[in-house]
Student: 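If you scroll down you'll find the structure; I have some questions about it.
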Protein chains: 2
Amino acid sequence: MITLNDKTYTCPVDVTLGFIGGKWKLLILSHLHWQEQSSYTKLRENLPGVSEKMLSQQLKELERDLLVTKNITSRKPYRVHYTLSEEGKSLAPLYEFMSGWGVGYLKKHGVDYIQDQHLYK
Amino acid sequence: MITLNDKTYTCPVDVTLGFIGGKWKLLILSHLHWQEQSSYTKLRENLPGVSEKMLSQQLKELERDLLVTKNITSRKPYRVHYTLSEEGKSLAPLYEFMSGWGVGYLKKHGVDYIQDQHLYK
DNA sequence: GCAATAACTTACCAAAAAGTAGGGAACAAT
DNA sequence: ATTGTTCCCTACTTTTTGGTAAGTTATTGC
């Protein structure tokens with residue numbers, strides 16, 4: 001058993017899962033991986049189905065866990081963009097692998113997936 | 001949008017997530033990755049905190065999705081063992097990477113994790 | 001015959017995660 | 001002045017997920 005921030009984990013895989021678990025986190029992270037940066041609105045538009053509540057909640061957790069950095073680019077008209085931190089970038093093989101595996105699965109099963117593909121590599 | 005088995009996915013990463021999402025699936029899979037095979041009872045013992053309900057439920061889904069193979073080794077005394085299928089093995093880089101990343105995180109933050117380490121690499 | 005073990009299943013309940021719908025501040029554009 | 005845009009927050013409800021505890025079948029071991 002591993003204890004970290006008052007939670008217990010069964011193994012290192014579980015620890016990693018603690019950071020990227022949840023329905024939207026990997027989607028947000030991998031989006032930022034391929035887009036380099038994104039505003040709140042762009043993220044929302046490019047993650048079909050995410051509610052604003054979920055988006056801001058998960059962004060806040062990703063920020064807290066230091067995987068994502070929030071850059072305030074302007075205060076007068078309040079503007080922001082999100083990027084992967086170094087920690088977040090260190091998960092890049094994950095984004096790449098999971099995308100590749102998903103694409104492989106779809107190909108093998110003859111499923112169309114080209115729509116909006118540029119957004120996800 | 002990608003449609004697969006009546007569900008919709010936003011991108012290939014999401015598709016992959018569809019197979020390995022959930023609290024116990026990656027834990028089961030990575031356990032089998034390092035143990036090669038395991039009986040129901042051994043899995044239960046080595047995944048601290050998993051309830052029987054969760055274990056059989058997730059095993060059933062992993063079987064359905066063809067990531068895990070259930071091998072009935074004896075019928076008279078009903079005995080079974082679970083192994084990764086080829087599909088399940090094709091996710092090996094994921095188990096390795098996630099374990100490695102978790103270990104790296106723990107090291108960087110000076111957390112003890114050696115207990116039962118042989119079970120998870 | 002009786003307890004123990006393996007491999008589950010099932011009904012019921014609690015907790016956690018996610019969705020819905022609205023509000024709101026600050027500025028910009030018309 | 002009104003509408004639109006960006007960037008959120010909050011209360012409430014629903015859905016999903018997970019936990020508890022008990023029961024089941026079959027077989028071995030004493």
Side-chain angles (χ1 to χ4, degrees), chain A residues 1 5-10 13-14 17-29 31-32 35 37-65 68-83, chain B residues 1 5-10 13-14 17-29 31-32 35 37-65 68-83:
Chain A
M1 270 316 185
N5 300 138
D6 302 326
K7 290 193 175 175
T8 57
Y9 301 92
T10 64
V13 171
D14 201 11
L17 233 32
F19 290 97
I20 59 174
K23 195 176 176 182
W24 298 103
K25 283 190 185 170
L26 265 170
L27 263 29
I28 293 172
L29 290 168
H31 178 79
L32 291 174
Q35 298 308 292
Q37 61 167 247
S38 202
S39 65
Y40 181 84
T41 305
K42 275 202 165 176
L43 273 166
R44 197 191 44 196
E45 285 169 355
N46 287 308
L47 299 177
V50 75
S51 67
E52 306 216 19
K53 176 196 158 196
M54 276 298 107
L55 181 56
S56 59
Q57 193 175 99
Q58 308 265 338
L59 279 171
K60 207 169 282 181
E61 290 180 23
L62 289 169
E63 249 193 287
R64 180 204 60 195
D65 294 338
V68 157
T69 306
K70 177 178 177 174
N71 313 272
I72 298 168
T73 50
S74 156
R75 288 194 179 275
K76 288 312 154 63
Y78 185 63
R79 293 296 178 272
V80 136
H81 71 249
Y82 292 93
T83 49
Chain B
M1 272 316 186
N5 300 138
D6 302 326
K7 290 194 176 174
T8 57
Y9 301 91
T10 64
V13 171
D14 201 12
L17 233 31
F19 289 98
I20 60 174
K23 194 176 174 181
W24 297 104
K25 282 188 185 171
L26 264 170
L27 264 28
I28 293 171
L29 291 168
H31 178 79
L32 291 174
Q35 299 306 294
Q37 61 167 248
S38 203
S39 65
Y40 181 84
T41 305
K42 276 202 166 180
L43 273 167
R44 199 190 42 196
E45 287 169 355
N46 288 308
L47 298 177
V50 74
S51 68
E52 305 217 20
K53 176 193 159 196
M54 276 298 107
L55 182 56
S56 59
Q57 193 175 99
Q58 308 263 1
L59 279 170
K60 209 170 280 181
E61 290 180 23
L62 289 168
E63 250 194 285
R64 179 204 61 195
D65 293 337
V68 157
T69 308
K70 177 177 175 175
N71 312 273
I72 297 167
T73 49
S74 157
R75 288 194 180 276
K76 287 311 153 62
Y78 185 62
R79 293 295 178 274
V80 136
H81 70 249
Y82 293 92
T83 49

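Side-chain atoms are counted along with the backbone in the values below, which use heavy atoms only and exclude waters and symmetry mates. Below, chain A is the first sequence line, B the second, and so on; all start at residue 1.
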Student: As a test of reading the structure: which of C:dA18, C:dT20, D:dC7 is closest to the side chain of A:Ser51, going by heavy atoms?
Tutor: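 Ranking C:dA18, C:dT20, D:dC7 by closest atom to the A:Ser51 side chain puts C:dT20 first.
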Student: In whole Å, I'd like the distance from the CE atom of A:Met54 to the C1' atom of D:dC7.
Tutor: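 Checked: the CE to C1' distance equals 17 Å.
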Student: Tell me the interatomic distance from B:Lys25, atom NZ, to D:dT17, atom P, rounded to whole angstroms.
Tutor: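 Taking atom P of D:dT17 as the reference, NZ of B:Lys25 is at 9 Å.
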Student: Between atom CG in A:Leu17 and atom P in D:dG18, what is the gap in whole Å?
Tutor: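 Atom CG in A:Leu17 sits about 11 Å away from atom P in D:dG18.
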Student: Starting at NZ of A:Lys7 and ending at C1' of C:dA15, how long is that distance when rounded to a whole Å?
Tutor: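 Distance, rounded to whole Å: 13 Å.
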Student: If you assign each of B:Arg79 and A:Pro77 to its closest nucleotide in DNA chain C, which residue comes earlier from the 5' end?
Tutor: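 Result of the comparison: B:Arg79.
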Student: Just the rounded figure in Å: distance from P of D:dC9 to CD of A:Glu61.
Tutor: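 Between P of D:dC9 and CD of A:Glu61: 12 Å.
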Student: Is any side-chain N or O of A:Ser39 closer than 4.0 Å to OP1 or OP2 of D:dC7?
Tutor: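 Yes, A:Ser39 has a side-chain N/O under 4.0 Å of OP1/OP2 on D:dC7.
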Student: Report the distance from atom NZ of A:Lys23 to atom C1' of D:dT14, rounded to the nearest whole Å.
Tutor: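 Computing the A:Lys23:NZ to D:dT14:C1' distance gives 13 Å.
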Student: Output yes when at least one side-chain N/O atom of B:Gln58 is less than 4.0 Å from OP1 or OP2 of D:dG18, else no.
Tutor: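 Yes, B:Gln58 has a side-chain N/O under 4.0 Å of OP1/OP2 on D:dG18.
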Student: Of the candidate nucleotides D:dC8, D:dG19, D:dT6, which contains the atom at the shortest distance from the side chain of B:Lys53?
Tutor: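 Minimum distance to the B:Lys53 side chain belongs to D:dG19.
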Student: Reckon A:Lys60 touches a base, only the sugar-phosphate, or nothing at all at heavy-atom distances under 4.0 Å?
Tutor: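 Result for A:Lys60 = sugar-phosphate.
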Student: For the side chain of B:Ser56, starting at C-beta, report the closest nucleotide among D:dG19, C:dG19, C:dC8.
Tutor: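 So the nucleotide nearest the side chain must be C:dC8.
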Student: Counting N and O atoms only, with roles assigned by atom type, does the side chain of B:Asp65 sit under 3.5 Å from a partner on the main chain of B:Phe19, one being a donor and the other an acceptor?
Tutor: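 Here the side-chain-to-backbone pair does not exist.
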Student: Taking only the side-chain nitrogens and oxygens of B:Tyr78, find out if one of them lies under 4.0 Å from OP1 or OP2 of C:dC8.
Tutor: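 Looking at the OP1 and OP2 atoms of C:dC8, one of them is under 4.0 Å from a side-chain N or O of B:Tyr78.
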Student: Would you say the side-chain atoms of B:Ser38 and B:Asn46 include a donor-acceptor pair closer than 3.5 Å?
Tutor: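 Result is no, nothing qualifies.
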Student: Using atom CH2 of A:Trp24 as one end and atom P of C:dA18 as the other, report the distance to the nearest whole Å.
Tutor: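 In whole Å, C:dA18 P lies 9 Å from A:Trp24 CH2.
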Student: Which part of the nucleic acid does B:Tyr40 contact within heavy-atom distance under 4.0 Å: base, sugar-phosphate only, or nothing?
Tutor: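 Result for B:Tyr40 = base.
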Student: When you measure from the side-chain N and O atoms of A:Lys70 to the phosphate of D:dC8, is any distance below 4.0 Å, counting only OP1 and OP2?
Tutor: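 So the side chain of A:Lys70 is within the cut-off, an N or O lying under 4.0 Å from OP1 or OP2 of D:dC8.
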Student: Any chance CZ of A:Arg75 has more than 12 other-residue heavy atoms, nucleotides or ligands included, within less than 6.0 Å?
Tutor: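 Not buried by this count: 12 neighbours or fewer within 6.0 Å.
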Student: Which of these nucleotides, D:dC7, C:dC8, C:dA28, is closest to any side-chain atom of B:Glu52?
Tutor: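 Nucleotide nearest to B:Glu52's side chain: C:dC8.
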Student: Rounding to an integer number of Å, can you tell me how far A:Leu43 CG sits from D:dC8 C1'?
Tutor: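 Distance check: A:Leu43 CG to D:dC8 C1' gives 13 Å.
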Student: Do B:Val80 and B:Asn71 have side chains that approach each other closer than 4.5 Å (heavy atoms only, starting at C-beta)?
Tutor: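 No. Closest side-chain heavy atoms not under 4.5 Å.
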Student: Looking at D:dG19, C:dG19, C:dA7, which one has an atom nearest to any side-chain atom of B:Thr41?
Tutor: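 Looking only at side-chain atoms, B:Thr41 lies closest to C:dA7.
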Student: Just so I know, are the side chains of A:Tyr82 and A:Leu32 near enough to count as touching, which here means a heavy-atom distance under 4.5 Å?
Tutor: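 Yes, their side chains come closer than 4.5 Å.
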